[in-house]
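A note on names: the letters A, B, ... follow the listed sequences, proteins ahead of strands, and every chain is numbered from 1.
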Amino acid sequence: MEGTAVAVCEILKYLIIHWKCETAGVSKGTLLEGQLVISIEALNSKHQTNTLHCVTTIASAGSIYGGLVLEKFLKEIQSTLPGFSAKLPWTSEEASSSQDISGVTPFQMTFEVHEKPRILMTNSLMIKDFLHKIVMVHPKIRFNFNVRVNGILSTELFGAKNEPTLNLSNGMALVVNYQHYVSRAKSGTTEFFCSRIHPVLGPPVVLFIPDDVAGVDLLGELILTPAAALCPCPKVFSNQLNRISSVSIFLYGPSGLPLISPSREQPPTTVLKDTFCFIDWKKYHLCVVPNLDLNLDRDLVLPDVSYRVECSKEDQSQNMDPQGQTLLLFFFVDFHSGFQVQQMELWGVHTLLTTHLSTILMESHSVVQDSIEAAVDQALEQHHQAVKAHQKLQTSLSVAVNSIMSIVTGSTSSSFRKSCFQALQAADTQEFGTKLHKSFHEIMQYRFLHHGSCEVKQQLLPEKNDAEQSTEDAHENSSLEFLAGRAVAAGGLQSVRVAESRPWALSRALSLRVHADPPAPRAVSSSIKLLRAPRVCVSVRGGAGQVREPAPPDDVTRTSGRRGPTGGGITSLVRAASPGAMAALGGDGLRLLSVSRPERQPESAALGGPGPGLCCWVSVFSCLSLACSYVGSLYVWKSELPRDHPAVIKRRFTSVLVVSSLSPLCVLLWRELTGIQPGTSLLTLMGFRLEGIFPAALLPLLLTMILFLGPLMQLSMDCPCDLTDGLKVVLAPRSWARCLTDMRWLRNQVIAPLTEELVFRACMLPMLAPCTGLGPAVFTCPLFFGVAHFHHIFEQLRFRQSSVGSIFLSAAFQFSYTAVFGAYTAFLFIRTGHLIGPVLCHSFCNYMGFPAVCAALEHPQRRPLLAGYALGVGLFLLLLQPLTDPKLYGSLPLCVLLERAGDSEAPLCS
Amino acid sequence: MAFAPVGPEASFFAAVDQHRASLLAALRGGGAERAGGGPRPASSSQVLASIENVIRDIITSLARNEAPAITIDDRSSWENMKFEDSVGLQMVSHCTTRKIKSDSPKSVKNFALILKILSMIYKLVQSNTYTTKRDIYYTDSQLFGNQTVVDSIVTDVSCMLKVPRRSLHILSTSKGLIAGNLRYIEEDGTKVYCSCTTAVAVSSNIQGIWNLITDAKFLLIVEKDATFQRLLDDNFCSRMSPCVIVTGKGVPDLNTRLLVKKLWDVFHVPIFTLVDADPHGIEIMCIYKYGSMSMSFEAHNLTVPAIRWLGLLPSDIKRLNIPKDALIPLTKRDQMKLDSILKRPYVTCQPFWRREMEIMADSKMKAEIQALTFLSSDYLSRVYLPNKLKFGGWI
């Protein structure tokens, strides 16, 4: 590698490492997403003949390089490219042309170099290979690689955004489309039902860095994760007896960067040249020799190391397809540290790996070998299973054919035989046999493979596919032109089409999608998600140096990119969508449009944006859908069993837990839709906070116990054992174990209180409070709760446990009881700002049940008992205010929310 | 029968006789509608023709470039069962079917095996020879894998061709035993004398039995071989003489069921069952009485709805004060089985059975017949069964 290629690769490495470090601080494990443009412009040099003057520009847009200090970058990059700094004038531009697009500075840098045409050609192939390799693990990064030689432009796009991937840890994903690894099969394309490879990961191993490696002072460890896969998918290939014809090894360093060392004496792959170093190929009956015949000039990802598998002697006797399967091996070396990994440190690790990988791998030889072989074992296991399935098919086939043949030939009924022969148009038994076998084979084979294929439906919008197609075409055309070195005038035009077709296609996809979906909030949000993906179109320098205007739909992306997930996104979406789409959204869409324009009223309070009417509408709708989905989740299971049956309880646990864990999303959605800024995090708003948690857990429970003083006395009077024995029983671990295994206990005491309070209090109150105010919210919230308990009726009606009248009477009673109780816990929630208090109270009340007043009236010790009842209620009323004093529990998030909304001091907040 | 054992005095059988009379009356009232219905023993040519039809269908669908499939009535779902008090479980006429496709990796083997067994049956029927299921399995044990595969395919084929298994020329060795007052002649002319002292294996060709003679007042079906032997050892048979005792050694095989059916059809003697008071025992009794789901297509030849439950009733456990130590708690599997039996259609017309099962479900306890030995070693044969028979303790 020389000149331009080295420089471009190193710069890109630096940029990606920087980028990775920036995003790692925000969210670990997300894929990098964005676009980089690399353009090389070469003109015949005026000073030297047969030399091209190349200007290389690397540019990005959007907020990718927010934290990059250009001076520092230049200094550091120059130190890594010593050969260059002398020769090259480094220039950087602060790209003033795109300043107006957004507040962030796009990055752009340029350097110039003189190259021979042939070397430029190799260089661009190397760069392309490098880009392709990066794209394989960072599928969401898009590279736009332009080379213009004397005015002839060829463009290539790299990106695997919509291709199926296997998620690796640490923000990488491996693209599993087989086309990147082997060339399209020349024969029998119909047999390719599965277009994927199925990589299996070996166990990660820690690599030790040997002492003699100089300059190592790392605060973390290197971890190697091997992955192995057969390509193409073994199921596809199973009809041709499988043979592995080659082995390809790909090396990736930290941040998913290829470990290519340019022009160094010791390439990182030396150790792998020795074929038996890490894999005992004899174990797999493979005879492996290094393959040095690597062609850069292909459409595939170029392996770092490649082996050819020689045919063993017994194999040669069979007629083998020369093009067998390829065993792909990926080595991902990653750097883990207890601390936030610094950029320079990562850069250092990279340099270390590119120079000393062989030594490091040898140091941990045995563990590396184990891990790699584990992965290979698994991958080959798939292969063997496919072979086995194929054999099974063959056996079944021959059994079926032989049986039919034996019946047909043994039949004494000539008419039967004649009709059979006629059906297959066979003259005699022998022909019948062969035809039978053939047609059976064909049909079974075809269907069998089709059924057995591992293709998963690609979840793409069809419109987007369209766009992808057009880029694909362009990609092929342009690369062909470039490689052939032909001067095609249309090349320039081609790139324009690429630049424009995507955004347009995207907006079309969006408008269609809005059109198709019902105007539910969810549909809108998913469209927003689509929009949020950065789709930054960087200005591509034209031949005359003019700056291309961004395509019109970029307007959309720009707005949403800046405003992020607020109402502004919706506005721009609706604005961008065609009028038809707006009509499809109907009244709701229009209303959304009218309210969600924060730009118009920027100074209004957090709640000021959306009108109170809409806010209430959204809130009530959210609450209702929450309540419905909570109750609905109980009934998704079709069952004949009563509700106390353990199987029913278990199933309902799952569904209720799913719904309640999803319910915060509803609040999130509500916040997005109404644009309310609560001022605190959602979790705090929902009562998950630490401040004052102990009083919040104890005092409300105490208060509830005081209210239940009478029933508690009654319980202790009726208890057959005395207090000490009772306590012993209660505290014994066995009784707890019994409780925990009793499904009904778990439901009444743990799951039901937790989920109901979470859904009906923690999620609903923050939504209702801004709409109705705190006081009314206390009384409206339990309505949802009460209605939700109506579902017991259906159950009782279904099982006819008692007469219809009494069922309804008890339901009405239950409704009022739960409504009162709901109001009480809502009150507790608002006053304490904690979820734990209501949950404990709920659990306690579930345990006590409704006070058995009738039993108390007929109790032998009636007087003290009734006194206890009265005392309990009296004390409760007396202590209700002081024990729930908000001062005990720190600042109340709901009150903060309302204060921000400009409400005058709510009575419940003090 | 020179030394016919002396049974109890005539009045002992009053209740049994009365029961028999009522059964006969019900039979007469119900008319002779049972004569028809159900697959009749098919002639060889019919069997051959239906196999040829299956093959022809496969070949035509192959010729049309479609993947051939074999259609079999789905006997695994209660949706396809109808219950008739006089017959037992039957398949509904338009039941859902199950397709065994040749083009799905899961069923291709099954498809091939069905064809293989069809071809074997074809040969057997043509040559008028008989074989056993075990024999079929051993012809290619590697291909079939295990015996149950063969068993289920033979049942499937029998259902698909609507032909009783015997007409497929496939036999099964019978495991049932019979003892008591019975004489008959097998198809090949062998005279069989059953007696109260030695048990005789149930013939493997029930259809060929003729000239059956018995004076038995009742027929007792015993679930377990151990209990059967115990009853013989205790001289129960001779003391209750004349009677017949049969055991199917657990879940009854086809021949035992055919025999019980034949005895009922010929003699119309009351038939009682003595099973464990556990869900499994109830299940076995239901198979005798109403048939099983997997053989429901042949219910007409197999079920005897006149069978009554004599013991061990769950309510007896409490009534006889059987000590708690002799009882076994119901396992989870038992509970599930009990629940599933309670949901079956025939339980609705057996309120007494239902109540007994509810008693078992409530007490969460089951008892084996042997639990009675806790009371005294020969309580079962000396006290329990005689009293039950004398006072009509069946339901």
Point-to-point distance, once rounded to the nearest 0.5 Å, from [atom1] of [X] to [atom2] of [Y]:
| X | Y | atom1 | atom2 | answer |
| --- | --- | --- | --- | --- |
| A/Ser439 | B/Ile59 | OG | CD1 | 9.0 Å |
| B/Glu52 | A/Ser415 | CD | OG | 7.0 Å |
| A/Asn402 | B/Lys116 | CG | NZ | 7.5 Å |
| B/Ile51 | A/Phe416 | CD1 | CZ | 9.5 Å |
| B/Gln126 | A/Ser411 | CD | OG | 6.5 Å |

Considering all heavy atoms, the nearest A/Ile407-B/Leu118 contact: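 Minimum heavy-atom contact is CD1-C, 4.0 Å.
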Heavy-atom pair of closest approach, residues A/Ala423 and B/Ala63: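 Heavy atoms only, the tightest pair is O-CB, 3.2 Å.
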[X], part contacting chain B, at a heavy-atom distance under 4.5 Å:
| X | answer |
| --- | --- |
| A/Phe432 | side chain |
| A/Thr412 | both |
| A/Val408 | side chain |

Flag if over 12 foreign heavy atoms under 6.0 Å of CZ, B/Arg355: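 No, CZ of B/Arg355 has 12 or fewer neighbouring heavy atoms, counting only those of other groups under 6.0 Å.
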Name of the residue among B/Leu115, B/Ile117, B/Leu113 meeting side chain to side chain contact (heavy atoms under 4.5 Å, CB included) with A/Ser403: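 Only one option passes, and that is B/Leu115.
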